[in-house]
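Model, not experiment: these values are computed from the prediction. Every number for a ligand or one of its atoms is a count from 1 in the order of the listing. For this chain, numbers begin at 1 and follow the sequence in order.
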Amino acid sequence: MFDVAVIGAGPAGSTASRYLAKQGLKVCIIDKDTFPRNKPCGGGFAQGLLDDFPYLKKRADEFLKGIARLGILHSPNLHIALSGKVEMAMTLRTDFDNVLLESALEQGAASYIGSRARHITIRPGSSKVELANGNSIKSCMIVGADGVSSIVARESGLQRSWPKSKITACRVAEVPAKQDEIIDRYTEDLQYHFYASFGGLPGYGWIFPKRETINVGLGIVGAHARGLPTIFETFVRYLKSENLLARDADLSSVRGALVPTGGPAKKTVSDGCLIVGDAAGMVDPLTGGGIAYAMRAGRHASRAIATAFDNGLEHETLLKYEQSWKNDFGKDFKGHLLAQKVITSPFTDLFFEIGRRDELIQKMVSESMDNSSKSKIDTRNLVLRTLLVCLRGALGI
Ligand SMILES: Cc1cc2nc3c(=O)[nH]c(=O)nc-3n(C[C@H](O)[C@H](O)[C@H](O)COP(=O)(O)OP(=O)(O)OC[C@H]3O[C@@H](n4cnc5c(N)ncnc54)[C@H](O)[C@@H]3O)c2cc1C
């Protein structure tokens, strides 16, 4: 019998397991895949994440694939590009997630890697995870870190399914490239690009240069995402025509994936169960970045669970987790949901036109690109600043 069964060994589950085990709890980590495994992802995150998790920083040479130093944000009509010096660490999820999992196992988490959870029964003090191989695992409580299609979120009733408007469908490829080519195309600064609403469709495209690969991806909000593979091809053709990708770029690794971009689940805690990371919709609605939120939520969850083992595993005691993550980064979602509306509205090109004339707007926008909750976009200030620039333009001052 385990104290905690964590389902999912991505950034959320491995981080939660590591801290739970470190606090002396008997924890097991379950994942359907065998590791190392690749998770379709851009693999970019704010460098500050490494300072936040020092055990990760110590092993950075195992997963860090360069620091990209200049971000360029393109308008939907592709006529305007705003740029800013915002550093982003680049990784490959195969290596990154493997280091996270190893860190959890080193602290004593028991491994059920390569086992799919098929069904859960939640009862505080005596829960059960049934595995696809016919075995089952008993635990006092369950953590759902099983990603965007979480069975824990669904079966606990915390988040039954995401409506299409709150899901972004993506295509992403990791394109192998020689170092010379990478520096030629993206400079020593490893310039990375975001495309707001490519082709006028709500969503975003990106190109992230790394040490030996170039990550290319396109995401479109669910309801508009029919025909995504064809639109992705158009996007790639465009990048080639701009000399941002080689004519013979090898896109054979292309994969589809979903990411929840409509803000977090209303409830993330129930009796004997909580959900973290993508399972709880903790993804930046503007950039689709969720690695940092997943890890920070995993750590908040572990602390709340450790306290709950002294005070009872009911909803009321576990609510401390919900309060902690909301205090930490809950506000980001509100601001960025509003910003997402601005950037996917018919007025986006106009907004870029105004932004082009104002350095402060450019700084505010570019700082929102690094997938970090520390770089919150202050939507209110941004709107006020935009209005001010418009007014100045109208008055000719
Ligand atoms: C195309 C794309 C690009 C992205 N780019 C970025 C980026 O550049 N930067 C960034 O910060 N974020 C990015 N994201 C978001 C980021 O990938 C997620 O927010 C992050 O992976 C969330 O971590 P997680 O641990 O919650 O879930 P995941 O990383 O999805 O991990 C969930 C784990 O649960 C396992 N699992 C699922 N179901 C079961 C089951 N039934 N039984 C057992 N195991 C199960 C899976 O195998 C998986 O290992 C991107 C997402 C996509 C789709």
For the residue pair V172 and C41, what are the closest heavy atoms and their distance?
CG2-O, 3.8 Å
Should D271 and R123 count as an ion pair when the cut-off is N to O under 4.0 Å?
no
For atom 53 (C) of ligand 1, which candidate among A257, A132, A145 holds the nearest heavy atom?
A257
Applying a strict 4.0 Å limit to heavy atoms, is R37 in contact with ligand 1?
yes
Would you say the side chains of S253 and E174 form a donor-acceptor pair under 3.5 Å?
no
Can you name the atoms of ligand 1, numbered from 1 with element, that are less than 4.0 Å from a heavy atom of L258?
53 (C)
Counting the benzene-type ring for Trp, do F333 and Y293 have ring centres under 6.0 Å apart?
yes
In terms of heavy-atom contacts, A117 and L131 come closest through CA-CD2, 4.1 Å
If you compare G114, P40, G8 by their heavy atoms, the one closest to atom 34 (O) of ligand 1 turns out to be G8
N or O contact, G289 vs ligand 1, cut-off under 3.5 Å
no
Consider every N or O of I151 and every N or O of ligand 1, then say whether any pair is closer than 3.5 Å.
no
The one among A297, S115, G290 that brings a heavy atom closest to atom 12 (N) of ligand 1
G290
Looking at ligand 1, does any of its N/O atoms fall within less than 3.5 Å of an N/O of C41?
no
Could you tell me which atoms of ligand 1, counted from 1 in the order shown, lie closer than 4.0 angstrom to a heavy atom of F208?
8 (O)
Pick whichever of G219, G147, A117, G144 has a heavy atom sitting closest to atom 41 (N) of ligand 1.
A117
Can you list the ligand 1 atoms lying under 4.0 Å from a non-hydrogen atom of V283?
19 (O)
Which ligand 1 atoms, with their elements, are less than 4.0 angstrom from a heavy-atom of W206?
1 (C), 3 (C)
For atom 49 (O) of ligand 1, tell me which residue out of I120, D31, I7, D278 has the closest non-hydrogen atom.
D31
Roughly how far apart are C273 SG and L318 CG, rounded to 0.5 Å?
9.0 Å
Below the 3.5 angstrom mark, is there an N/O of A294, backbone or side chain, next to an N/O of ligand 1?
no
R59 and E102: CA distance, side-chain angles, deciding distance, salt bridge (charged side-chain N to carboxylate O under 4.0 Å, His left out) verdict
CA-CA 11 Å; R59 297 183 62 175; E102 281 179 3; 2.5 Å; yes
Start with the C-alpha distance between D52 and K57, add both sets of side-chain angles, then the distance that settles salt bridge (charged side-chain N to carboxylate O under 4.0 Å, His left out), and finish with yes or no.
CA-CA 9 Å; D52 209 7; K57 194 171 186 172; over 6 Å; no
Under 4.0 Å between a side-chain nitrogen and a carboxylate oxygen: does that hold for E322 and K267?
no
Consider ligand 1: state whether an atom of it lies below 4.0 angstrom from any non-hydrogen atom of Y293.
no
Identify, by atom number and element, the atoms of ligand 1 in contact range of R116, meaning under 4.0 Å from any of its heavy atoms.
41 (N), 42 (N)
Say whether G298 and ligand 1 are in contact under the criterion: heavy-atom distance to a ligand atom below 4.0 Å.
no
Counting heavy atoms not belonging to E62, are there more than 12 under 6.0 Å from its CD?
yes
In ligand 1, the atoms that come under 4.0 Å of a heavy atom of G44 are 7 (C), 8 (O), 9 (N), 10 (C), 11 (O)
Would you call K178 and E181 a salt bridge, taking side-chain N to carboxylate O under 4.0 Å as the test?
no
I291 N/O under 3.5 Å from ligand 1 N/O:
yes
Could you say whether the N/O atoms of G13 and ligand 1 ever approach to under 3.5 Å?
no
Under 6.0 Å between ring centres: does that hold for Y321 and H300?
no
Is R299 close enough and on-axis enough to F53, meaning under 6.0 Å and within 45°, for cation-pi?
yes
Report yes if G288 has an N/O atom closer than 3.5 Å to an N/O atom of ligand 1; otherwise report no.
yes
Identify, by atom number and element, the atoms of ligand 1 in contact range of D33, meaning under 4.0 Å from any of its heavy atoms.
47 (O)
Is it true that atom NZ of K58 has more than 12 heavy atoms of other residues, nucleotides or ligands lying nearer than 6.0 Å?
no
Atom 36 (N) of ligand 1: which of V172, I29, D146 has the nearest heavy atom?
D146
Checking the N or O distance criterion of under 3.5 Å, is ligand 1 in contact with R93?
yes
Under 3.5 Å, is there a donor on one side chain and an acceptor on the other for S252 and D250?
yes
Is the closest N or O pair between G42 and ligand 1 shorter than 3.5 Å?
yes
Answer yes or no: is there an ion pair linking K39 with D97, defined by an N-O contact shorter than 4.0 Å?
no
For ligand 1, is there an N or O atom under 3.5 Å from any N or O atom of K32?
yes
Find all atoms of ligand 1 within a distance of less than 4.0 Å from any non-hydrogen atom belonging to G277, and give their numbers and elements.
26 (O)
